[in-house]
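Here's the structure we're looking at; comments come further down.
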Amino acid sequence: MRLSLYKKKRNFKETPEPADSPSGRSGSHKFIVQKHDATNLHYDFRLEMEGVLKSWAVPKGPSMNPADKRLAIMVEDHPLDYENFFGIIPKGNYGAGLVEIWDRGTYKPIENPKKINDEKLMLAQLKKGDLKIDLNGHYLNGTFALVRMNDGKGNNWLLIKKKDEYSEDDFNIEDLNPVKIYKGKEDKETKQKKKSPNSQNEKQSIDKYWKTLQKPMLAKLTDKVFDDKEWIYEIKFDGYRSITKIENGKAEMVSRNGHSFNEMYKPLVKELENIKAEVILDGEVVIENKKGIPDFQLLQNYSKNKKGTLKYFIFDILFLNGHDLTGFPLYNRKELLEELFKKYKSGNIFLSVYAEEKGTSLFDKVSKMGYEGIIAKDKNGIYRPGKRSDSWLKIKTGLQQEAIICGYTLPQGSRKHFGSLILGLYENENLKYIGNCGTGFSESSLKELFKVLNPLVTAKSPFSLKPKMTGTKGKPVWVKPELICDVKFSEWTNDGSMRHPVFNGLRKDKSPENLTRESGSKSNLKNNPEPEMSKEDILTLNGKKVKVTNTDKLYWKKEKITKGDLIKYYTDVSKYILPYLKNRPESLNRHPNGIDAPGFYQKDMDVKQIPKWAKTVKIYSTSNKKYIDYLICNDAATLIYMANLGCIEINPWNSVYTRPDNPDYMILDLDPGDISFKEVIKTALVTKEVCDEIGVKCYCKTSGATGLHVYLPLKAKYDYDQVRTFANILASVVHDRLPDTTSIERSVSKRKKKIYVDFLQNSKGQTIAAPYSVRPRPLATVSTPLMWSELKDNLTPQDFTILNIKKRLDKAGDLWKGVLGTGVPILKALKKLEKL
DNA sequence: GTAATTA
DNA sequence: TAATTACAACGCAAT
DNA sequence: ATTGCG
């Protein structure tokens, strides 16, 4: 049985309950989730699921907003397999692109949703066809969520969250706590593995995991200390993070960039090799100074002078004797780690101690002792290699910042080499002064640093604004901004400088480009006297004022083409494109976040919201049973307004609103599948040949994407049905002449490796990119009118882009004027066509 | 991009 | 007040 | 009535 969610909604109550369901309600409907429309998931969403519907409930998880109504559906034998994620939540705001991944252990979102802005991720995880999502505004308009989990009894649950769509009364839903159920499963498995890690479960090769596990899990920076029973707290060591693999008595230590530490920290490697187990461990290499406090500067010089005590503090275990442990909650991993180390006496290898629950007290202690800070870790969190996760938080005692050395001041008195370092950071493109740092150097580091700075000395200040150095006496000497150092300081001052900065060593592993303030470190930038860059401009076009915003926003990332460039283009070509838009209702295909982010269509304009001078017309939509305020683009101002809305592509109707049922041209859209563009050219030429034979004029343009468009001028003499029928026949004739390379089949699967001769765009309300319209495609290609003589083998659609069309137009003019001119007699032509 | 809602 | 969230389509043809 | 398609 196959049914959609809206059907299910009706059917739920009819579903009989099985006795064994956790929620006590169930049925056995098979259902399918299908993604219907990749471009407009927010509103065109039909939902179905494949599997057997057994029961439903509203679960209550710790982090769930109780106001959210969640509907849980249990499915049997669902083919979907999940590994690293626990649930997915696509949200309308970001289209299907927003996927929220939920932690299997904590039942909390484990990624910042904004960061996962990629529909592909979801499709990849779910495998298209296994579980697809399909929205339909009529039934599922609003927040929608799908969360899948296993309840430990072999039952898979799919939660469907739909705000305001369901109420508990509707279904008489009983509570279900999937968290407990899930954790129960995790605990059981963990215990099993702990008790007999060598038996039962299949062993996995350590090398298979080594590559991914080499990347350490990272902590997010936060500035609040807290106490929480569910968290543990560790000292943050100021050293080098290192992951170690031990296998057959051989240890291998790597840095967070995957470089080997084996040579540098030989004594540690030797000691680690005493461990007779197959493990991957995570820890930090530190050097303690005489006071027993880790010293980053000593560590940096260790390879040279071997000063200080080298230690390795281990705080995590990722793999043990054939078992990947990253999926286990932290407390389980800690237990395993402790058990493992019971057997070994430590010399310079230590387990990192941790405090439970009492984060603030540890933080206070650590601050007094001079450590850098603490790391708070969620007991239930899993280990996520290479990810900066919310389940690990770093809380620093003081602030720390990497800064670019932009110069130094001359030494005063008995000071040798230099007085202080002049430091800067990038803010947008500009290097900004953030203070001088004159302490934290030893005599040797002063000398050493001076030696590396000298070759970089330059006469010109690297800052865009001349820094005001108060309280420093020495004369500044500028250096090229190429070196980076670590600086500790107490706080940011109001004008964006560091208070009490202390030098903390050079960073050789970073590059100065784009080095900015560490996110999370607080600064009082609001009081910064520097004027902010204006974010908007007002353009005046024929007396109409258009606000353009975010002109620096990159619409084409790779090509570095901005929204400003798009606006410039449409301003430049407006006189060529406007005739093709006049009085034609517009379908806005908006890409407000550039071509790589999901876009959406918009037809209905909010008349109150758009500029006063913008023209709209009301046209009745039979499918929606309401009037739609279509935008009419009759002037440059409206065109720019559209571009500012992220409307990269301009899609006008084929008919003007005054004669909405009579198209002004017929369109054949030659859309190649996996086939060479030469064949498309051939097809267009055959189309032209047929048109010539029946005595009708036709025009050609690139679609701007992959194909070509052929237009026949009609001058609104026929209705859409007549035109479509004619297009159908013309397409068939072309297909007959090129049966191997073309297809008029609508189904995608039936026309692989062929050119789809699409005649169905000749319908009311259907649109196609206008001549001179940019397309949201790589290279910012433009749908470009061509002369038939240009259709040669070496022509490609990529020849015409936003960058060169203006020049072409100014030179050759508009090649398509005839398209809106005298129409061709298609009824006569039809008769000729039938005789062919 | 804008309006509404939430923290 | 700042940050987050929701919202923005249609018609034809095949099944 | 539902679904695929552009």
Side-chain angles (χ1 to χ4, degrees), chain A residues 2-4 6-7 32 34-46 48 65 67-68 89-95 98 100 112-114 132 134-139 141-144 163-164 526 535-536 546-550 553 563 585-593 598-606 608-611 619-626 628-631 641-647 649 651 653-654 667 669-671 703 705-707 709 720-721 724-725 727-728 744-751 756-769:
Chain A
R2 188 181 164 98
L3 81 170
S4 329
Y6 43 88
K7 265 200 175 169
I32 295 167
Q34 287 198 330
K35 191 176 125 222
H36 171 61
D37 184 337
T39 59
N40 261 345
L41 284 158
H42 342 312
Y43 59 84
D44 195 1
F45 211 125
R46 301 168 207 171
E48 292 189 1
N65 178 351
D68 286 344
I89 299 185
K91 286 187 183 168
N93 197 22
Y94 303 92
L98 181 75
E100 199 168 283
N112 179 352
K114 270 191 176 165
K132 294 189 279 180
D134 196 348
L135 296 168
N136 186 320
H138 299 294
Y139 308 102
N141 206 352
T143 307
F144 166 84
K163 227 176 177 174
D164 308 324
K526 258 183 233 148
K535 261 197 144 184
E536 55 177 69
V546 196
K547 187 171 80 176
V548 296
T549 51
N550 292 317
K553 203 167 186 175
K563 179 162 138 182
E586 290 287 345
S587 254
L588 278 66
N589 181 6
R590 295 176 56 185
H591 283 267
N593 295 309
F600 57 90
Y601 282 92
Q602 180 176 7
K603 296 187 176 178
D604 202 4
M605 305 303 288
D606 187 342
K608 281 179 236 155
Q609 199 190 100
I610 62 176
I619 295 175
Y620 191 73
S621 154
T622 46
S623 64
N624 260 342
K625 290 176 185 167
K626 64 164 192 181
I628 287 178
D629 292 302
Y630 278 93
L631 186 65
Y641 173 71
M642 288 169 69
N644 189 52
L645 291 176
C647 213
E649 185 176 278
N651 290 300
W653 273 25
N654 303 342
I667 298 169
D669 178 5
L670 309 180
D671 186 13
S703 74
T706 55
H709 294 157
Y720 275 107
D721 269 344
R724 193 167 51 248
T725 308
N728 191 344
I744 54 169
E745 191 66 61
R746 195 126 143 89
S747 147
V748 174
S749 57
K750 287 180 186 167
R751 54 173 153 89
Y756 176 37
V757 185
D758 183 3
F759 57 87
L760 280 165
Q761 297 309 316
N762 300 290
S763 304
K764 189 174 174 180
Q766 300 299 94
T767 60
I768 219 163

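Numbers restart at 1 for each chain; the letters A, B, ... are given by sequence-line order, proteins then strands. What you are looking at is a predicted structure, and each value in this text was computed from that prediction instead of being measured.
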When the P atoms of C/dC10 and B/dT2 are compared, how many Å lie between them, rounded to an integer? 22 Å
Choose from D/dC5, C/dG11, B/dA3 the nucleotide whose nearest atom is closest to any side-chain atom of A/S747. D/dC5
Please list each protein N or O that sits under 3.5 Å from an N or O in nucleotides 13-15 of chain C, with the distance.
residue, atom, partner, partner atom, Å
C/dA13, OP1, A/R724, NE, 3.3

Could you tell me how far C/dA9 sits from B/dA4 if I compare only their C1' atoms? Round to whole Å. 23 Å
Set of salt bridge (Lys or Arg N to Asp or Glu O under 4.0 Å) partners for A/D606, sequence neighbours left out: none
Of the nucleotides B/dG1, C/dC12, D/dG6, which one has an atom closest to the side chain of A/Q766? D/dG6
Taking only the side-chain heavy atoms of A/Y630 (C-beta and beyond), determine which of B/dA3, C/dC10, C/dA8 contains the nearest atom. C/dC10
Please check the phosphate of C/dC10 (OP1 and OP2 only) for any side-chain N or O of A/S763 closer than 4.0 Å. no
Do A/D604 side-chain atoms and A/D629 backbone N/O form a donor-acceptor pair below 3.5 Å? yes
May I ask you to verify if any side-chain N or O of A/K563 is less than 4.0 angstrom from the OP1 or OP2 atom of B/dG1? yes
Can you list the residues that meet the salt bridge (Lys or Arg N to Asp or Glu O under 4.0 Å) rule with A/K750, with sequence neighbours excluded? none
For the residue pair A/I768 and A/I667, establish whether any side-chain heavy-atom pair is separated by less than 4.5 Å. yes
Closest nucleotide among D/dC5, B/dG1, C/dA8 to the A/K553 side chain: B/dG1
Looking only at the side chain of A/Y756 (C-beta and beyond, no hydrogens), which of the listed nucleotides D/dG6, B/dG1, C/dC10 gets closest? D/dG6
Short question: side chain of A/N550, backbone of A/P592 - any donor-acceptor pair under 3.5 Å? no
Just by modelled atom types, is the A/N644 backbone N or O under 3.5 Å from a matching donor or acceptor in the A/K563 side chain? yes
